[in-house]
Amino acid sequence: MAPDLLNKLLVRGSRRGRIVEVEAYLGPHDPASHAYRGPTVRNATMFGPPGHLYVYFTYGMHWCANAVCGEEGDGTAVLLRALAPVAGIAAMRTARGGITREAALCSGPAKLCQAFGIDRRYDGADLTLAAKTAPWLADDGTPPPATPGNSKRIGISVAVDHPWRWYVSGDPNLSRRG
DNA sequence: CTTTGGATCGTCT
DNA sequence: GACGATCCAAAGG
């Protein structure tokens, strides 16, 4: 499912961004996944029904967001790693503390959450409903890339060899060149 | 351009 | 008590 999320839109209020980079985390079978050691209070949303947002806090200051993709009980999710800003860019700049370069607004998993104002409040949000204030996912008809870029995952220390990162090749908003 | 270190705290051991 | 699905500024080449 991870590459199929490429080119979908993350929407929150007036802010819109096209998903250009994701990583898959395969639940209890994946040592790099928060779900590896089974359900806890923190990762409960991952084990819930698909189509919901799993938001977690890390490094003492950052939020990151995933789309839950497995059936209830599976614990599988896709980390949203980078977006191409589409609308609400002024609001993103403000939320990002005045960063001016557009390609730096959403070019990382914690950056896009900061740009969209996503935190614990939206853990568990239903991504299939066009909500007023909560984040959701829209499909404007743009298909995923026919041949997405693919690489190892970033920032993990175990299960590092699985090529479970996918991205829109050459997009300027990637967290790394690709 | 690449490398390095600091910030900062919830979560699980 | 250790560390993390990160980011940024500063320093070095």
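Lettering of chains follows the sequences in order, A, B, ..., and the numbering in each one begins at 1. Given the structure is predicted, the values throughout are model-derived calculations rather than measurements. Only this structure's heavy atoms are used, side chains among them; waters, hydrogens and symmetry mates stay out.
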- Identify whether any heavy atom of Arg177(A) sits under 4.0 Å from a base atom; if not, whether one sits that close to sugar-phosphate; answer base, sugar-phosphate or nothing.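 Arg177(A): no heavy atom of the nucleic acid under 4.0 Å.
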
- Query: Base, sugar-phosphate, or nothing: which does Arg37(A) touch, judged by heavy atoms less than 4.0 Å apart?
  - Reply: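 The answer is sugar-phosphate, as Arg37(A) gets under 4.0 Å only of primed atoms, P, OP1 or OP2.
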
- Reading nucleotides 3-13 of chain C from the 5' end, what letters show protein touch, with B for base, S for backbone sugar-phosphate only, - for no heavy atom under 4.0 Å? -BBBSS-----

- Which residue pairs pass the side chain to side chain donor-acceptor pair (under 3.5 Å) test when at least one of the two sits in residues 5-27 of chain A, sequence neighbours left out?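 Listed once each, the pairs are Arg12(A)-Tyr122(A), Arg18(A)-Asp140(A), Arg18(A)-Thr142(A), Glu21(A)-Arg81(A), Glu21(A)-Arg165(A), Glu21(A)-Ser175(A), Glu23(A)-Tyr25(A).
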
- Message: Less than 4.0 angstrom from a charged side-chain N to a carboxylate O is my criterion; do Asp30(A) and Arg153(A) meet it?
- Response: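 Salt bridge present between Asp30(A) and Arg153(A).
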
- Query: Should dA5(C) form a Watson-Crick or G-U wobble pair with both distances under 3.5 Å, which nucleotide is its partner?
  - Reply: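 Its partner is none (no Watson-Crick or G-U wobble pair with both distances under 3.5 Å).
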
- Item | Complementary nucleotide of dT8(B), counting Watson-Crick and G-U pairs under 3.5 Å |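 Because no pair has both required distances under 3.5 Å, dT8(B) counts as unpaired.
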
- Task: State the CD1-OH distance between Ile154(A) and Tyr167(A), to the nearest 0.5 angstrom.
- Result: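 Between Ile154(A) CD1 and Tyr167(A) OH, I get 9.0 Å after rounding to 0.5 Å.
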
- How about Tyr36(A): does its OH atom have over 12 heavy atoms from other parts shown lying under 6.0 Å from it?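 Count not over threshold, so no.
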
- Query: Parallel under 30°, tilted from 30 to 60°, perpendicular over 60°: which one fits the rings of Trp63(A) and Phe57(A)?
  - Reply: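 Judged by the thresholds at 30° and 60°, the geometry between Trp63(A) and Phe57(A) is tilted.
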
- Item | Side-chain hydrophobic cluster, 4.5 Å single linkage: members besides Val11(A) |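 Reading the cluster by chain and number, Val11(A) sits alongside Leu9(A), Val86(A), Trp136(A).
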
